[in-house]
Structure formats: C-alpha cells, structure tokens
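The structure appears right after this line, and notes come after that.
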Amino acid sequence: MKRLRTSWQVFKRYRAMIRPFDIVIIVILIILSFTPLAIFSYQQRQQAVHDAQVAKQSAKKTGRHLLTAVVSHNGTVLKRVNITNLKQTVHYTYRDKHGDYNRVTFEPKRVAITKANCSDQVCVRRGWIHKPGQTIVCLPHKLLIEVKSSTGHTTSGGNGLVTE
C-alpha cells in the first residue's frame, strides 16, 4: 500500500509539469509519424491494383491464362519459357565463369533444377514448381527461377508473397 501511495505522488508531480497544450503536441507528432506509412501503403496498393488490371487486360487479349518460367541471375533475366504451351522437355544449363552450373528442366506446365554443383543442393531438392508465384532459389550461384502468370495472379493471398 505504501508503494502505491509513493507511485501516486510521483505521478502527481509529473502530471503537474505537463500542460494541456503538451498533450496536443504529442498526439499530433504521433499522428505525423505514421503518415509516411499510410501514404506509401496507399501508393503500393494502387500500383498493385493497376498492375493486376493491366495483366487481366492482356490475358483477355490472348484469351487464356499463360504460365511463364523466368530464369534470372543477379536480377538479369537469362531465359523465359512459356510452360503452358510447351510440348516437350527443354533443358537449359546456366554456367558462370567460375565453373558453377545449374541444369534447369522445363516440362509442360512445370519447371525444376535437376542438377547443380552447389554444396547444399537445396535448389535440386526443392523439386518441381508449377503454380504462379512459386520460386526456386540457388543462393550459392545467385540463380532464381519463378513461375509467372499472364494475369498477375499468385497462389498467395496478400502482397505477392507465397506462403507454401
């Protein structure tokens, strides 16, 4: 009980130092600190809606949903393969100047890294991917394979992140 009284007395002392206008300033500063977050979130949402509309319009022009496998290294696209219209198995081998390699196999409606000389072999064990938004990443070789859709739709619900 004695602690409660001393705490209450300390609170009264600090409350006496705060003026009503100070509270207004604190509330305004808190609101202003969240303004950039609100603005950037709104802009991102508008951009995503616009991109989805453009993708849907292009899908309507082509008349169907197309899947494309994109192989990229350090952000540079190396190869694009339309896996929806693919009739036979296609192999692509990525090699860099250090002797590292990844063998990418494209089959109708799916893609995988089937062979690599990286030490962990995580990319090979990932297996086949076939849904829009799925990826295979080989971190030692900095290689990325993603399945993209002509409609812009991904298998996730939200901001384009796959949660599989």
Side-chain angles (χ1 to χ4, degrees), residues 1-59 65-80 83 94 96-98 100-102 104 109-164:
M1 191 65 156
K2 188 176 180 183
R3 267 190 179 171
L4 186 63
R5 282 186 198 150
T6 55
S7 298
W8 184 251
Q9 289 172 353
V10 170
F11 176 71
K12 279 185 178 180
R13 262 189 288 160
Y14 283 120
R15 197 178 90 203
M17 292 191 305
I18 297 175
R19 303 288 175 230
F21 192 68
D22 294 342
I23 295 173
V24 172
I25 290 174
I26 291 170
V27 169
I28 289 173
L29 288 174
I30 290 173
I31 291 171
L32 287 176
S33 70
F34 286 101
T35 302
L37 177 67
I39 290 171
F40 291 128
S41 296
Y42 176 76
Q43 287 177 342
Q44 248 183 341
R45 182 165 298 163
Q46 292 301 318
Q47 183 66 35
V49 167
H50 175 70
D51 291 345
Q53 287 174 348
V54 168
K56 284 180 184 177
Q57 288 174 353
S58 67
H65 173 77
L66 299 175
L67 297 177
T68 304
V70 180
V71 180
S72 57
H73 178 263
N74 275 343
T76 305
V77 175
L78 302 172
K79 187 160 184 80
R80 289 180 186 269
I83 58 176
Y94 162 75
D96 69 358
K97 60 185 176 183
H98 304 296
D100 299 330
Y101 70 90
N102 290 75
V104 182
K109 298 186 180 176
R110 65 186 196 159
V111 61
I113 294 180
T114 52
K115 193 173 183 182
N117 68 342
C118 54
S119 59
D120 57 7
Q121 296 287 303
V122 171
C123 55
V124 176
R125 288 192 310 252
R126 172 67 169 96
W128 296 94
I129 59 173
H130 62 280
K131 294 179 185 174
Q134 288 183 319
T135 60
I136 301 173
V137 179
C138 182
L139 287 178
H141 300 164
K142 299 176 185 170
L143 194 72
L144 171 70
I145 300 171
E146 16 180 16
V147 176
K148 294 189 175 186
S149 170
S150 62
T151 61
H153 176 72
T154 60
T155 57
S156 69
N159 39 354
L161 301 176
V162 178
T163 57
E164 295 184 70

Spacing of CD belonging to Q121 relative to NZ belonging to K115, to within rounding of 0.5 Å: 10.0 Å
L67 vs P132 side-chain heavy atoms within contact, under 4.5 Å: yes
Under 3.5 Å side-chain donor-acceptor pair for Y94 and H73: yes
Worked verdict on I145 versus T135 for side chain to side chain contact (heavy atoms under 4.5 Å, CB included): CA-CA 5 Å; I145 300 171; T135 60; over 6 Å; no
Inter-residue atom distance T35.OG1 - I30.CD1, 0.5 Å rounding: 12.0 Å
Expected output: side-chain N74 to main-chain T76 donor-acceptor under 3.5 Å: no
Beyond-backbone contact of Q134 with K131, side-chain heavy atoms, under 4.5 angstrom: yes
Neighbour count >12 (heavy atoms, 6.0 Å) for atom CD, Q44: no
Side chain to side chain, V124 and T114, heavy atoms closer than 4.5 Å: no
Residue pair I25, F21: steps toward the side chain to side chain contact (heavy atoms under 4.5 Å, CB included) verdict: CA-CA 6 Å; I25 290 174; F21 192 68; 3.3 Å; yes
side-chain contact (heavy atoms from CB on, under 4.5 Å) partner of I129, chosen from I136, I83, I113: I136
Close side-chain approach of M17 and Y14, heavy atoms under 4.5 Å: yes
T68 side chain reached by V147 side chain, heavy atoms, under 4.5 Å: no
Any donor-acceptor pair under 3.5 Å from N102 side chain to A116 backbone: no
Side chain to side chain contact (heavy atoms under 4.5 Å, CB included) evaluation trace for H141 with N117: CA-CA 9 Å; H141 300 164; N117 68 342; 3.0 Å; yes
Test item: S41 side-chain N/O and A38 main-chain N/O as donor-acceptor pair under 3.5 Å: no
Heavy-atom side-chain proximity of L66 to S149 below 4.5 angstrom: no
For C138 against C118, the heavy-atom pair lying closest together: SG-SG, 3.8 Å
Residue pair L143, V71: steps toward the side chain to side chain contact (heavy atoms under 4.5 Å, CB included) verdict: CA-CA 7 Å; L143 194 72; V71 180; 3.9 Å; yes
